[in-house]
Protein chains: 2
Amino acid sequence: MTSTEPSGGLRPTPQRQAVLDALSGVDDFRSAQEVHELLAGEGSGVGLATVYRALALYADHGLVDVLRREDGEAIYRRCSETHHHHLVCRTCGATVEVEGPAVEKWTSAIAAEHGFSDLSHTLEIVGTCADCQGR
Amino acid sequence: MTSTEPSGGLRPTPQRQAVLDALSGVDDFRSAQEVHELLAGEGSGVGLATVYRALALYADHGLVDVLRREDGEAIYRRCSETHHHHLVCRTCGATVEVEGPAVEKWTSAIAAEHGFSDLSHTLEIVGTCADCQGR
DNA sequence: TCGCGGTTGACAATGATTCTCATTCTCAGT
DNA sequence: ACTGAGAATGAGAATCATTGTCAACCGCGA
């Protein structure tokens with residue numbers, strides 16, 4: 001049971017590395033399309049379909065986080081593998097990772113109260129960050 | 001400042017009523033497409049574009065809740081106008097509305113700590129309900 | 001009754017995501 | 001190092017939710 005492989009125990013192809021590197025190089029969320037453009041701009045020539053496949057694969061294995069923009073477009077971010085939430089600025093897109101033991105406990109309690117098990121949850125906070133408030 | 005009109009102070013056209021009625025008739029989330037089919041099945045003949053417009057309008061006015069399915073499709077539900085969250089069964093789709101003062105406070109505190117203002121947040125809990133656990 | 005702004009419906013357009021399939025590459029075993 | 005089997009890739013077509021366009025329509029006040 002390999003638990004902490006460099007790339008999550010997945011076959012390390014150049015294309016997948018490129019996708020992961022692209023995500024690692026920025027600290028906010030990017031859509032699959034944006035990652036593709038980013039790679040194209042570097043001459044990587046990685047196909048769009050491959051970007052989608054790689055992102056889905058990594059998301060499956062917990063190496064990247066997936067969220068949805070308000071318009072439904074999926075956005076991805078390389079992140080720590082521990083459970084956490086995001087605080088996102090609606091103007092500039094800046095993202096802060098936050099942990100919330102209080103929330104974890106609350107959700108568990110509520111779910112148990114209603115007989116739910118095998119839980120997962122999503123919490124996103126959207127707001128206007130300090131820098132964008134005057135604008 | 002009309003605060004509790006029957007239809008949120010919006011012009012009550014037959015089409016909009018039909019959309020709202022369709023949503024009121026079920027107690028879980030439905031996509032715009034599903035609402036449209038539902039209406040078509042009753043012979044209402046309401047256009048798809050109109051369904052989208054009505055849903056967007058009601059969502060804007062807080063008469064319906066909007067979420068995203070995992071595949072990104074938007075789903076809507078008629079619900080109370082107070083802020084609340086949802087506990088959803090991943091197997092049967094059953095939905096429970098829950099309130100979480102603790103969560104509200106926590107998000108405000110975290111956001112303030114990082115200088116964010118004008119907040120909104122989304123929290124969804126997905127799990128397996130008691131009825132679906134043995135299956 | 002007439003005119004007007006808001007609403008509707010049919011259909012085209014958009015855009016993200018997925019599928020297809022022939023080609024290419026990786027990995028394990030020899 | 002060589003080879004076969006199966007996974008991965010790229011290009012483009014296909015899918016599908018959602019939005020835009022625009023002419024026809026409706027109810028309401030003048």
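Just so we're on the same page: letters track the sequence lines, and every chain starts at 1. Small disclaimer: the values here were computed from a predicted structure and weren't measured.
At least one side-chain heavy atom of A:Phe116 sits less than 4.5 Å from a side-chain heavy atom of B:Leu87. For the pair A:Leu55 and A:Val19, the minimum side-chain heavy-atom distance is below 4.5 Å. Under the 4.5 Å side-chain criterion, counting only non-hydrogen atoms from C-beta, A:Arg78 is in contact with A:Leu63.
Mapping B:Pro14 and B:Asp71 onto DNA chain C by nearest heavy atom places B:Pro14 at the nucleotide closer to the 5' end. Along DNA chain D, the nucleotide nearest B:Arg53 and the nucleotide nearest B:Gly72 are compared for position; the residue whose nucleotide lies closer to the 5' end is B:Gly72.
Interface limits on DNA chain C: the 5'-most and 3'-most nucleotides within less than 4.0 Å of chain B heavy atoms are C:dG6 to C:dA10. Think of the region where chain B sits on DNA chain D: with heavy atoms and a 4.0 Å cut, that region ends 5' and 3' at D:dA17 to D:dT21.
In the model, B:Thr50 has no side-chain atom that pairs as donor or acceptor with a side-chain atom of B:Gln15 under 3.5 Å.
The pair B:Arg77-B:Glu34 fails the salt-bridge criterion, with no side-chain N (NZ, NE, NH1 or NH2) lying under 4.0 Å from an Asp/Glu carboxylate O.
Each of B:Thr122, B:Asp28, B:Asp65, B:Thr95 was compared with B:His86 under the side-chain hydrogen bond (donor to acceptor under 3.5 Å, both in side chains) criterion, and only B:Asp65 meets it.
Aromatic ring pairs are classed by plane angle as parallel below 30°, tilted from 30° to 60° and perpendicular above 60°; the pair B:His85 and B:His121 is tilted.
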Step-by-step ring pair (Phe, Tyr, Trp, His ring centres under 6.0 Å) determination, A:Tyr52 to A:His36: CA-CA 9 Å; A:Tyr52 274 101; A:His36 179 236; 8.7 Å; no
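Residue B:Gln33 is classed as a base contact, given a heavy-atom separation below 4.0 Å to a base.
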